[in-house]
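Let me begin by presenting the structure, written as structure tokens, before commenting on it.
Counting starts at 1 for both ligands and their atoms, following the listed order.
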Amino acid sequence: MTRLAGLDPADLATAARRIMARCDELARVSAADGAITRVYLSPEHARVNALAAEWMREAGMTTRQDAAGNQLGLLPAADPDVPSLMLGSHLDTVIDAGRYDGIVGVLMAIEAVRLLRRRDDAGQWRSTLRFGIEVAAFSDEEGTRFGKALLGSSAVAGTWDNAWWDLEDAGGVSLRDAFREFGLDPSRIGEAARRPGELVGYLEAHIEQGPELDRRGESLAVVSSIASARRFQILVEGESRHAGGTPYDMRRDALLGASESALAVERLCRAEHHIIGTVGQLEAFPGAVNVVPGEARFSLDLRGEFDGARDAVWSGISREIDAIMGRRGLRWQAHEVHSAPAVFCDPLLQDVVREGIVAGTGAKDPVTLFSPAGHDGMALGTVAPVGMLFLRNPDGISHHPAESVSAGDVALGLRALVEAIAHISAEPA
Ligand code: GLV
Ligand code: MN
Ligand code: MN
């Protein structure tokens, strides 16, 4: 087992305090008063990129914003031409978010750089390892604004799909126009892409976003794989009519069709292992108190450990929705806005994360967890081996203002992350 000399607990505690304070500082950059909402290509996105860039430079990195609005920092190796290890996570949020999802991983990466740097003879900061370290603050993991998630990391993975340019936000602004308003040039998106072999790997620390570590009384876990995901926007069409004058046998109530479908999603997904379906958006039109809803729209977020099982459940849900709509005299159609296959963490990176946890915490047999939550590593998996470290998330509450992580677990996580990185560096190139 590699153990790093010179990882002083006091330095780790100071770094963890700085991370917690910076999470608080970033939480103040929000489009909403009294809540945290920070979406892709917004003024808030620009402000957190500027803050992250300042902190990256302070840690000794050179910085740039890439063609997809990701903020990047680089601590070069002694030989600047060798591939780098990428660390990172995301700075965008869901609506009314917590302050740690993604953010803590970016800030831990910056602190890891601080612990793994040295000055060269010319006084420049260099990595102490056989590779450089690049920190990525990804710009869109959540997909809050355009429905499609992982836009920032997909650009880096070189899997950008030009069909996405026409995606629109709730205000009808296309992704193409949002790029231009942010000061980015859509025609240069390819410049963000990395080639296979260009990165040693991608390593991400993230809060668990579930209760397993908290239930087991453990601080850290190795991630084995990240769930496959599909997202749909579903339109239901019926007929708007008078709420008082329309007898039940004449109603074609789109909201009731959508509601019954949401219940079917729960029933069908609960019956399966590691399949989770969520209807998080539901709207009725025309939205009047005295009108039977003639149209309804709802979202479906469907995840599974394996792509095949997820797709089989989607087929079952589609058949059930067909039956519901048929009984109620409604029409429906689904528009798929996001699809990402399951990603299995690289066995070697799982091992080094495990070694990092052992070295960092003294745990004998670290917990290994599957991640039902999505992460930037899902996109990076096409271009680099991916590893992930989970931090305990008290009560498993996330995507909520009460989301938390303790400074003690952040210090342990940082130690494990740095030990894991040193372990990769000790492997033959
Ligand atoms: C992101 O956090 C997701 O899992 O949707
Ligand atoms: Mn996240
Ligand atoms: Mn999230």
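Side-chain contact check for R114 versus E58: some heavy-atom pair is nearer than 4.5 Å.
Proximity annotation for atom 5 (O) of ligand 1: of R303, H399, E141, E142, R303 comes nearest, heavy atoms only.
Here the angle at the Mn ion (ligand 3) defined by OD2 in D101 and OE2 in E142 stands at 90°, rounded to 10 degrees.
The closest donor-acceptor contact from the side chain of D169 to the backbone of F146 lies at 3.5 Å or more, if one exists at all. With hydrogens and angles ignored, the 3.5 Å screen pairs no side-chain donor or acceptor of D395 with any backbone N or O of I397. No donor-acceptor distance shorter than 3.5 angstrom exists from the side chain of S89 to the backbone of I103, with no hydrogens or angles considered.
Numbered from 1 in the order shown, with element, the atoms of ligand 1 that lie under 4.0 Å from a heavy atom of R231 read 5 (O).
For H90, every N, O or S atom stays at 2.8 Å or more from the Mn ion (ligand 3).
Taking the six-membered ring for Trp and the full ring otherwise, the centers of W160 and F179 sit less than 6.0 Å from each other.
At a 3.5 angstrom cut-off on N or O pairs, A373 does not count as close to ligand 1.
Distances from the Mn ion (ligand 3) to the N/O/S atoms of H399 are shortest for NE2.
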